[in-house]
Amino acid sequence: MTRSSSLLAHALGAVVRRGRRSVALGGGLAFAVALLAAVLFMTDALRAEAERARAAQPDVVVQRLVGGRPATLHAEDANKIKDIAAVRGVTPRVWGYVFLPSLQGNITVVGARPGAPPISVADGVLAEGRDLTPGAHEMIVGAELAKFLGLRPGDVLGLPSPNPDAPALELVGTFRASLDMFTADVVICDDDDARALLSMPAGEATDLAVSVSNPAETRVVARTIGERIPGARVIERELLARVHHLAYGRRAGLVLAASLPALLALLVLAWDRASGVGPDERREIAVLKACGWSTADVLAVKLAESLIVGAAATALGLLLGYAWVFWLGAPGLRPALVGWSVLYPRAPLTPTVGVSELLGISLAVLGPFALLSVLPAWRASQADPLDVMRG
Amino acid sequence: MTPSARAFVAVALLTSPALLASGLAADASMRRARSREGDRAVATLAARLPSNDLALSGGSRWLRALSLEEPQAAFADGPATPDPDPAGAAVAPPLEVWLRTEAR
């Protein structure tokens, strides 16, 4: 057996001998790591989920502000944009919210734009049914909304609307449950039906979707649109990533800030346990020194003890954090990070975490932890063994 | 337990974060691969949606399409925070003012 193996065996023996202390220290550390890791895992997963659909969004979205609040704009405003050199196309979009009293919540009504790519069961968008037939007063809804309202394909539903002439819509399809993150509250219908439901006059639109032939010119196009339509709010696609980054980062910050007292209490406990060398441990160090162990050997054993407890606790914490979010669906944490509603997307999140992030968390925890516990051991090893053994 | 076995267990515990990181990263990679199968469906669907915002909503306010509705300030108050409206405030508004208003 080599010297290092002997030292490691001795260190493990010491950890087992002080079992209760090791469990208290390791348990607290594991809980703190699990909470921190779970919040980070979930935040990254939410950002990645939003990012998946970003590429399909228009390069620029134009809205109108009245009194600092979003208002509908004239579809003819599209003509002021079409002739900008880099603009490939401008599409007026009709969408908005309808409050469902039975749900006590809002649903998002979206008008299907002419020329939008068809959707079907075969391409994985629909769970059942088919795409809309223009002019047939049909709708496709999210799986969660259909479930809540008890709708099946073929059912007809009259959604509440300020417009008494708004037609009842027949359900012809539901979105796949795996797309719940985007469709839980969505009703897609014909552009005219959406306009009727939202009571939006003909010739008006919620916003304009602008596609640009050269993405590098988006900034210039956005500035030109701002000059041509006074009062317009121009949103570039590149901004969306930043918005989601900030939004979910802030949510994670809030959750971590709320957990700070618990985390601090655990860290103080860990520091107290790790930095204090009790009389038994002091005596053990003195005996080892008296038996001929060098200070370096004593420090190596103490470092190994800390690392064994810290590494096992960190591994356990990472496992708990990962299992909590991706295997169990983050009960308790999910409402705090993603909000809550009657229509709640239940689709599982996809982890974005890799080896480097996991090892980064481990090192960030283990480094300070090991340092904290070695310093008092070094101080104890400097004392005269005979003085310590005499008490 | 023999010293050799103890040394083996100690090494296993010391390397457990790295071993676990590899295992979890492999699981994450498998889940990402499964999720990528749905990328085409997401792209097709996203072309019909007003934005790529997730269908998440808070109890205090409606921010379904946060990127379009509040692009400059993603969250003026913040989700998962107490409702900023007086009805949900921790400190109640002065009741005597309300009473005076009612009396009028």
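Chain letters run A, B, ... following the sequence lines, proteins first and then strands; every chain starts at 1. All values reported here derive from a predicted model rather than from experimental measurement.
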Search all heavy atoms of A/Phe182 against all heavy atoms of B/Asn52 and return the closest pair with its distance. CE2-O, 3.7 Å
Pick from B/Ser35, B/Ala25, B/Pro50, B/Ala10: which one has the most heavy-atom pairs with chain A under 4.5 Å? B/Pro50
What part of A/Tyr322 lies closer than 4.5 angstrom to a heavy atom of chain B: side chain, backbone, both or neither? side chain
Heavy-atom nearest pair, A/Asp185 first then B/Ala55, reads OD1-CB, 3.6 Å
Under 4.5 Å from a heavy atom of chain B, the part of A/Gln57 involved: side chain
Does any heavy atom of chain B fall under 4.5 Å from the side chain of A/Leu318, the backbone, both, or neither of them? both
Would you name the heavy atoms of A/Trp327 and B/Arg31 that are closest together and state the gap between them? CD1-NH2, 2.8 Å
For chain A, find which of B/Leu19, B/Val9, B/Thr15, B/Leu20 contributes the most heavy-atom pairs closer than 4.5 angstrom. B/Leu20
Between B/Asp27, B/Thr2, B/Asp53, who has the most heavy-atom pairs with chain A when the cutoff is under 4.5 Å? B/Asp27
If every non-hydrogen atom of A/Ala311 is compared with every non-hydrogen atom of B/Ser16, which pair is closest and at what distance? O-OG, 3.6 Å
OG1-CD1 distance between B/Thr44 and A/Ile119, expressed to the nearest 0.5 angstrom: 8.5 Å
Applying a strict 4.5 Å limit to non-hydrogen atoms, the region of A/Val186 in contact with chain B is side chain
Could you tell me whether A/Arg52 and B/Asp39 make a salt bridge, using a distance below 4.0 angstrom between a side-chain N and a carboxylate O? yes
Does CZ in A/Arg17 sit with more than 12 non-hydrogen atoms of other residues, nucleotides or ligands closer than 6.0 Å? yes
Contact class of A/Ile361 relative to chain B, heavy atoms under 4.5 angstrom: neither
What part of A/Asp180 is in contact with chain B, defined as an atom under 4.5 angstrom from a non-hydrogen atom: side chain, backbone, both or neither? backbone
Taking all atoms of both residues into account, what is the closest heavy-atom pair of B/Ala46 and A/Ala56, and its distance? CB-CB, 3.6 Å
Hey, mind stepping through B/Leu13 and A/Val15 against side-chain contact (heavy atoms from CB on, under 4.5 Å) and telling me if it holds? CA-CA 12 Å; B/Leu13 288 175; A/Val15 168; over 6 Å; no
Which bit of A/Ala184 comes within less than 4.5 Å of chain B, counting heavy atoms only: side chain, backbone, both or neither? both
Distance (rounded to the nearest 0.5 Å) between B/Leu49 CG and A/Arg93 CZ: 9.0 Å
Mind checking the CG-CZ spacing from A/Asp131 to B/Arg48? Nearest 0.5 Å is all I need. 4.0 Å
Return the option, out of A/Val16, A/Leu319, A/Leu363, A/Leu307, with the maximum number of heavy-atom pairs under 4.5 Å with chain B. A/Leu319
Please classify the contact of A/Val61 with chain B as side chain, backbone, both or neither, using a heavy-atom distance under 4.5 Å. side chain
Closer than 3.5 angstrom, by distance alone: can the side chain of A/Asp123 be matched with the main-chain N or O of B/Ala41 as a donor-acceptor pair? no
Within the structure provided, determine whether B/Leu14 and A/Leu8 are in side-chain contact (heavy-atom separation under 4.5 Å). yes
Output the option from A/Gly124, A/Ser362, A/Pro117, A/Gly142 having the highest count of non-hydrogen pairs under 4.5 Å with chain B. A/Pro117
Check each atom of A/Thr350 against the heavy atoms of chain B and say whether the ones under 4.5 Å are side chain, backbone, both or neither. side chain
Non-hydrogen atoms of chain B under 4.5 Å away: do they reach the side chain of A/Val110, the backbone, both or neither? side chain
Chain B contact via A/Phe41 - side chain, backbone, both or neither, heavy atoms under 4.5 Å: neither
Of the backbone (N, CA, C, O) and the side chain (C-beta and beyond), which part of A/Ala55 lies under 4.5 Å from a heavy atom of chain B, both, or neither? neither
Any non-hydrogen side-chain atom of A/Thr183 less than 4.5 Å from a side-chain atom of B/Leu45? yes
Using every non-hydrogen atom in the two residues, find where B/Ala21 and A/Leu358 come nearest and quote the distance to one decimal. O-CD1, 3.4 Å
Which one of A/Gly13, A/Ala315, A/Ala48 has the most heavy-atom pairs closer than 4.5 Å to chain B? A/Ala315
